[in-house]
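All remarks here apply to the structure that follows.
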Amino acid sequence: MACNEVNFTYDNECLHATVGDDYSTLIKSNRDLTGYTIVMDIQTAKGTAPVLSLAITVNELLTGFYVSDVSAGEFKMIIQNSDTTAVGEGKYIYAITLIDSNSLRSPFLQGFIEFKETLL
């Protein structure tokens with residue numbers, strides 16, 4: 001696994017998203033994110049249209065990235081229950097990208113994110 005690869009899957013300590021439930025996880029980067037925009041695309045395969053895209057949100061109750069501490073590089077990835085339902089069960093690829101004030105894009109995290117139906 002590459003240094004910038006994180007898998008949000010059932011196999012990775014239950015970090016998967018449950019279809020029909022809200023999902024959130026705190027991401028700590030130890031990188032000052034002042035002046036950056038954070039975006040994420042979730043796709044079925046590389047080069048396909050995203051099944052879900054996330055961007056920065058100012059409300060931590062909405063799907064997106066809520067930046068809790070910009071200088072410490074901490075932000076919460078949030079996917080609302082309606083969006084986990086819309087995406088549906090499956091294992092998807094994702095890429096989180098940082099965009100600086102000059103519109104230069106830098107890969108930040110990538111890997112797999114898994115959406116599973118509840119077992120109960």
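In terms of the ring pair (Phe, Tyr, Trp, His ring centres under 6.0 Å) criterion, residue partners of Tyr92 (sequence neighbours excluded) are, by chain and number, Phe115.
Legend: ring pair (Phe, Tyr, Trp, His ring centres under 6.0 Å) pairs involving residues 42-74, not counting sequence neighbours, sorted by first then second residue: Phe65-Phe75. Applying the side-chain hydrogen bond (donor to acceptor under 3.5 Å, both in side chains) test to residues at least two apart or on different chains, the pairs with a partner in residues 19-31 are Arg31-Tyr36.
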Which is it for Ile96 and Val39 under the side chain to side chain contact (heavy atoms under 4.5 Å, CB included) test, yes or no, and what are the steps along the way? CA-CA 6 Å; Ile96 298 176; Val39 296; over 6 Å; no

Notebook entry, point to check: Where do Ser106 and Ile99 land on the side chain to side chain contact (heavy atoms under 4.5 Å, CB included) test, with the steps shown first?
Noted result: CA-CA 6 Å; Ser106 302; Ile99 305 170; over 6 Å; no

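The two residues Asp41 and Ser53 make their nearest non-hydrogen contact at OD1-OG, 2.6 Å. A pairwise comparison of heavy atoms in Lys46 and Gln43 identifies CA-OE1, 4.4 Å as the closest pair. Listed here is the closest heavy atom pair of Gly88 and Val19: C-CG2, 3.8 Å. Taking both residues in full, the closest heavy atoms of Leu26 and Ser68 are given as CD1-OG, 4.2 Å, listed atom of the first, atom of the second, then distance.
Note: Thr57 OG1 to Lys76 NZ = 11.5 Å, rounded to the nearest 0.5 Å. From His16, atom NE2 reaches atom CG of Asn7 across 14.0 Å, with rounding to the nearest 0.5 Å. From Phe112, atom CZ reaches atom CD1 of Ile93 across 7.5 Å, with rounding to the nearest 0.5 Å.
Between Met40 and the options Leu54, Leu109, Ile79, a side-chain contact (heavy atoms from CB on, under 4.5 Å) holds for only Leu54.
Listed for the Asn102 side chain is no donor-acceptor partner under 3.5 Å among the backbone atoms of Leu104. Not a single donor-acceptor pair under 3.5 Å links the side chain of Glu74 to the backbone N or O of Asp69. Under a 3.5 Å cut-off, the side chain of Glu89 and the backbone N or O of Glu117 do form a donor-acceptor pair.
With a 4.5 Å cut-off on side-chain heavy atoms, Leu33 and Ile38 count as touching.
Hydrophobic clustering (ILVMFWY, side-chain heavy atoms < 4.5 Å, transitive): Ile42 and Ile78 are in distinct clusters. Hydrophobic cluster membership is shared by Val70 and Met77, with clusters built from Ile, Leu, Val, Met, Phe, Trp and Tyr side chains linked at under 4.5 angstrom.
Under 3.5 Å, the side chains of Asp32 and Thr34 contain a donor-acceptor pair of N or O atoms.
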